[in-house]
Amino acid sequence: QLQFVESGGGLVQPGGSLRLSCTDVRFRLDQYPIAWYRQVSGEEREAVACVRMSGEPMYYADSVKGRFTISRDNAKNLIYLEMTNLKVEDTGIYYCGPCGGSNIWGQGTQVTVSS
């Protein structure tokens, strides 16, 4: 089964930037459209961006459009989420997974936007 690994989160001030990375330690991800999901405490995961197998973005949530950029490097088996102009409401645990949803999740990476 897929085993996602997310990294790159941290504490950042409002207006700051972070780049998250996603990979899988066992399988190639280049056959899957991959999304980044955000989970706020006590809430269900919400897809914020999705990238096609080709590397072209196919979806951004309204809340992140214009601020986040999803991309991938299939040769490196990596999917990125470049986050700019971060807001307090972007705080959450970020996971990657298939764009259509998944029952398989990695540990996620915590993003905290705070002064």
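Side chains included, hydrogens not; waters and symmetry mates left out as well; all remaining heavy atoms used.
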- Can you tell if the side chain of Val51 reaches within under 4.5 Å of the side chain of Ile79, non-hydrogen atoms only? yes
- Query: Roughly how far, to the nearest 0.5 Å, is the OG atom of Ser17 from the CE atom of Met83?
  - Reply: 8.5 Å
- Minimum heavy-atom distance Gln107-Phe4, with the two atoms named: OE1-O, 3.9 Å
- Determine the minimum heavy-atom distance between Val12 and Leu18, stating which atoms define it. CG1-CD1, 4.0 Å
- Start with the C-alpha gap between Asp73 and Tyr80, add the side-chain angles, then the distance that decides, and say whether side-chain contact (heavy atoms from CB on, under 4.5 Å) holds. CA-CA 8 Å; Asp73 186 336; Tyr80 303 105; 4.2 Å; yes
- Task: Hey, could you give me the SG/CD distance between Cys96 and Glu6, rounded to the nearest 0.5 Å?
- Result: 4.0 Å
- Quick one: are Pro14 and Ser115 in side-chain contact, heavy atoms under 4.5 Å? yes
- Can you get from Val113 to Leu81 by hopping between Ile, Leu, Val, Met, Phe, Trp and Tyr side chains that sit under 4.5 Å apart? yes
- Task: Please check if Tyr32 and Val5 belong to a single hydrophobic cluster, counting links between Ile, Leu, Val, Met, Phe, Trp and Tyr side chain heavy atoms closer than 4.5 Å.
- Result: no
- Verify, without hydrogens or angle tests, whether Thr109 (side chain) and Gly9 (backbone) share a donor-acceptor contact under 3.5 angstrom. yes
- Message: Contact between Tyr59 and Cys99 at the side-chain level, heavy atoms closer than 4.5 Å - yes or no?
- Response: no
- Rounded to the nearest 0.5 Å, what separation is found between the CG atom of Asn74 and the OG atom of Ser54? 8.5 Å
- Joint cluster assignment, Tyr60 & Val48, ILVMFWY side-chain distance < 4.5 Å: yes
- Once you round to the nearest 0.5 Å, how far does CG of Leu20 lie from CD of Gln110? 11.0 Å
- Message: Taking Met53's backbone N and O only, do any of them form a donor-acceptor pair with Asp30's side chain (distance below 3.5 Å, no angle check)?
- Response: no
- Message: Between Arg67 and Asp90, does any side-chain N to carboxylate O distance fall below 4.0 Å?
- Response: yes
- Message: According to a hydrophobic-cluster definition based on side-chain heavy atoms being under 4.5 Å apart (Ile, Leu, Val, Met, Phe, Trp, Tyr only), do Val64 and Ile93 belong together?
- Response: no
- Is the number of heavy atoms from other residues, nucleotides or ligands within 6.0 Å of CZ (Arg26) greater than 12? no
- Query: From Ser21 OG over to Lys76 NZ, what is the distance, rounded to the nearest 0.5 angstrom?
  - Reply: 10.0 Å
- Tell me whether Val88 is reachable from Val111 by hopping between hydrophobic residues (I, L, V, M, F, W, Y) whose side-chain heavy atoms are closer than 4.5 Å. no
- Arg52 backbone acceptor or donor facing Arg72 side chain under 3.5 Å: yes
- Query: Within 45° of the ring axis of Tyr95 and under 6.0 Å from its six-membered ring centre, is that where the NZ or CZ of Arg45 lies?
  - Reply: yes
- About how many Å separate CD of Glu89 and OG of Ser63, when rounded to the nearest 0.5 Å? 8.5 Å
- Task: Compute the centroid of each ring, for Tyr37 and then for Trp105, and state whether the two points are separated by less than 6.0 Å.
- Result: yes
- Item | Donor on one side chain, acceptor on other, Arg38 and Tyr94, under 3.5 Å | yes
- Query: With a 4.5 Å limit on heavy-atom distance, are the side chains of Phe68 and Thr84 in contact?
  - Reply: no
- Heavy atoms, side chains only, cut-off 4.5 Å: are Leu11 and Ser114 in contact? yes
- Message: Please check this pair: side chain of Asp24 against backbone of Gln3, looking for a donor-acceptor N/O pair closer than 3.5 Å.
- Response: yes
